[in-house]
Asks: 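Handing you a structure now.
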Amino acid sequence: MEKANLDWEKIPFSYKKTDGHLEYRFSDGKWDEGVVVKDDTISLNIAATCLHYGQECFEGLKVFEGKDRQALVFRIDENAKRLAGSARKILMEEVPEKMFIDSIYKLVKLNRRFIPPHGSGASLYIRPLLLGISPIIGVKPSTEYLYLVFSTPVGPYFPTGLKPIKLLVEESIDRAAPGGVGDVKVGGNYAAGLRATHKAKDLGYNEVLYLDAKEKKYIDESGPANFFGITKDGKYVTPDSNSILPSITNMSLRVLAEEMGLKVEKRPMRVEEIFNLKEAGCCGTAAVITPVKSITCRDKTVTYSERDEIGPVCKELYEKLTAIQLGLAEDKYGWVREIPLD
Ligand code: PLP
Ligand code: COI
């Protein structure tokens, strides 16, 4: 099948309509078989719980084309588990792991002409989305759910790509509270952060770096990604917090960092530690590794990259991770699955 006619090297991180998506409905205590839908709009009851009370959660993962045109997906089982965990936390019906994986396999086959060519730097971004759809006006969980999954070809999340970004610690705005829902992937966390990102961008920064909401002493994460630093004595340090999303990319980088001989620490990270790092990065499916140029906090700025270039440790981590995702390096941990396209 011929690829879609797109300028693959230049596609932004934005939504593009593809050949269809899949929809599954849960009612009377069971999931249906799912259907392919060509139209990219949905119809919901005006009283649906997802619309009023934010009863929704989602995932994000990427499919890459290998050098033999195979479709490769990274750690899909982890996304399945995380979606189930998000659903449990806000009292939604879980999507069974098998249904999640089957839905993505069917979706990728359906949209195979939108998988960006190997070497283009782009990928097919998969967005599974779970919505509470019962018309209920009291604050209660739905009894009916819509699970849908769509895809869109994307380039890098930060248009800077591998060019380092500037972060702002914006203490007056919190993303998530301890004991809240910051550790699951629900839409409200992103809505809570919109004005912080807006403010940071207005001031000339690329993103926000959040502190823990209770004490403002520890680093949480960035708006769309986890945070990690490489210390001057060569450790990979990343925050442990109950109000950040457990990133699958970060989980993988910790393994790769250890392979590179770095000591890995996942622990509460005091904000002053930013002054003791030699490199820093934001990591996530969309962000991959986006190197950090500088962090501004309480009127002080620490700069890691004077020349606007990714540092050597972040570069090696980036290369190791993307080589596995693209099927170019040995997949010793079984992170990559090939999606059948015939
Ligand atoms: N943190 C937030 C708030 C995110 O939205 C994401 C993206 O999914 C991440 C971290 C990174 O998680 P992952 O590496 O699983 O994509
Ligand atoms: C992802 O990295 O997949 C996300 O969902 C982050 C989002 C802000 C684009």
Side-chain angles (χ1 to χ4, degrees), residues 11-16 56-64 73-86 89 100 104 122-130 149-159 165 167 170 173-177 180-194 196-198 200-201 206-213 219-228 238-257 266 269 280-290 292 317-318 321-322 324-325 335-336:
I11 44 176
F13 192 89
S14 64
Y15 174 69
K16 172 152 194 56
E56 70 87 42
C57 54
F58 65 100
E59 269 306 320
L61 56 160
K62 279 178 175 170
V63 168
F64 304 88
V73 65
F74 188 68
R75 305 197 76 172
I76 188 171
D77 47 327
E78 292 295 337
N79 292 93
K81 286 191 200 110
R82 194 169 63 188
L83 185 70
S86 299
K89 191 148 189 184
F100 180 88
I104 293 172
S123 56
L124 186 67
Y125 186 69
I126 313 291
R127 181 48 70 84
L129 177 64
L130 179 62
V149 59
F150 66 86
S151 58
T152 180
V154 295
Y157 183 76
F158 289 102
I165 58 167
L167 296 179
E170 172 42 72
I173 302 176
D174 298 320
R175 171 187 173 272
V181 290
D183 59 341
V184 292
K185 207 162 168 64
V186 301
N189 291 330
Y190 299 82
L194 281 176
T197 303
H198 196 77
K201 287 191 175 161
N206 304 83
E207 251 304 338
V208 174
L209 183 61
Y210 292 102
L211 300 188
D212 80 280
I219 300 173
D220 257 0
E221 64 175 333
S222 172
N226 272 187
F227 177 81
F228 68 90
T238 192
D240 192 12
S241 159
N242 58 5
S243 48
I244 65 177
L245 192 74
S247 155
I248 297 160
T249 313
N250 194 353
M251 200 193 292
S252 313
L253 291 177
R254 293 199 294 275
V255 174
L256 300 179
K266 179 171 179 267
M269 196 173 171
C282 291
C283 63
T285 298
V288 196
I289 291 179
T290 303
V292 173
L317 283 167
Y318 178 91
L321 175 74
T322 53
I324 297 172
Q325 291 175 329
W335 287 343
V336 177

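First listed ligand is number 1; within each ligand, the first listed atom is number 1.
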Asks: Less than 4.5 Å apart, side chain to side chain, heavy atoms only: is that true for Arg82 and Leu245?
Replies: yes
Asks: Show the atoms of ligand 1 that are less than 4.0 angstrom away from any heavy atom in Asn226.
Replies: 1 (N), 10 (C)
Asks: What distance separates Asn226 CG from Arg254 CZ, expressed to the nearest 0.5 Å?
Replies: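 Rounded to the nearest 0.5 Å, the CG-CZ separation comes to 8.0 Å.
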Asks: Can you produce the list of protein nitrogen or oxygen atoms under 3.5 Å from a nitrogen or oxygen of ligand 2, alongside each distance?
Replies:
{"from": "ligand 2", "atom 1": "2 (O)", "to": "Ala286", "atom 2": "N", "distance (Å)": "2.8"}
{"from": "ligand 2", "atom 1": "3 (O)", "to": "Tyr125", "atom 2": "OH", "distance (Å)": "2.5"}
{"from": "ligand 2", "atom 1": "5 (O)", "to": "Tyr125", "atom 2": "OH", "distance (Å)": "3.1"}
{"from": "ligand 2", "atom 1": "5 (O)", "to": "Arg127", "atom 2": "NH2", "distance (Å)": "3.3"}
{"from": "ligand 2", "atom 1": "5 (O)", "to": "Lys185", "atom 2": "NZ", "distance (Å)": "2.6"}

Asks: Side chains of Phe64 and Thr322: closer than 4.5 Å at any heavy-atom pair?
Replies: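 Phe64 vs Thr322: side chains apart.
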Asks: Where do Pro153 and Lys16 come nearest, in terms of heavy atoms and distance?
Replies: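 Result for this residue pair: CD-CB, 4.1 Å.
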Asks: Between Lys185, Glu78, Lys62, Arg175, which one has a non-hydrogen atom sitting closest to atom 8 (O) of ligand 1?
Replies: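 Among Lys185, Glu78, Lys62, Arg175, the closest heavy atom to atom 8 (O) of ligand 1 comes from Lys185.
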Asks: Please list, in number order, the atoms of ligand 1 under 4.0 Å from a heavy atom of Gly284.
Replies: 11 (C), 14 (O), 16 (O)
Asks: Using distance alone, determine whether Thr285 and ligand 1 share an N or O pair under 3.5 Å.
Replies: yes
Asks: Taking only non-hydrogen atoms of Gly60, do any sit less than 4.0 angstrom from ligand 1?
Replies: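 Per 4.0 Å heavy-atom rule, Gly60 does not contact ligand 1.
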Asks: I need the contact type for Pro224 against ligand 1. Using non-hydrogen atoms and a strict under-4.0 Å cut-off, is it side chain, backbone, both or neither?
Replies: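 Backbone only.
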Asks: Side chains of Tyr190 and Lys185: any donor to acceptor distance under 3.5 Å?
Replies: yes
Asks: If we only consider heavy atoms of Arg82, is any one of them less than 4.0 Å away from an atom in ligand 1?
Replies: yes
Asks: Sequence neighbours left out, what passes salt bridge (charged side-chain N to carboxylate O under 4.0 Å, His left out) with Lys89? Give chain and number order.
Replies: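 So Lys89 forms a salt bridge (charged side-chain N to carboxylate O under 4.0 Å, His left out) with Asp183.
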Asks: For Cys283 and ligand 1, does the shortest N/O to N/O distance drop below 3.5 Å?
Replies: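 In fact, backbone or side chain, Cys283 has no N or O that close.
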Asks: Give me the atom names and distance for the closest heavy-atom approach of Ser243 to Ala177.
Replies: CB-O, 3.8 Å
Asks: Mind checking the OG1-CZ spacing from Thr197 to Arg175? Nearest 0.5 Å is all I need.
Replies: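 The CZ atom of Arg175 is 10.5 Å from OG1 of Thr197, to the nearest 0.5 Å.
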Asks: For atom 2 (C) of ligand 1, what is the nearest protein heavy atom, given as residue, atom name and distance?
Replies: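 Ranked first by proximity to atom 2 (C) of ligand 1 is Glu221 OE1, 3.6 Å.
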Asks: Are Thr285 and Thr249 close enough that some pair of their side-chain heavy atoms sits under 4.5 Å apart?
Replies: yes
Asks: What's the shortest heavy-atom distance between Tyr125 and Gly60, and which atoms?
Replies: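 That closest heavy-atom pairing would be OH-CA, 3.2 Å.
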Asks: Please tell me if the side chains of Ile289 and Leu253 come closer than 4.5 Å, counting only heavy atoms from C-beta onward.
Replies: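 Yes; the side chains approach each other to less than 4.5 Å.
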Asks: Considering only heavy atoms of Tyr190, which atoms of ligand 1 have at least one such atom less than 4.0 Å away?
Replies: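 Those of ligand 1 that fall under 4.0 Å from Tyr190 are 2 (C), 3 (C), 4 (C), 5 (O).
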Asks: Closer than 4.0 Å to some heavy atom of Gly223 - which atoms of ligand 1 meet that?
Replies: 3 (C)
Asks: Please could you name the atoms of ligand 1 that Thr249 approaches to less than 4.0 Å, counting only its heavy atoms?
Replies: 13 (P), 14 (O)
Asks: Look only at the side chain of Glu207 and the backbone of Pro224, and say whether a donor-acceptor pair between them is shorter than 3.5 Å.
Replies: no
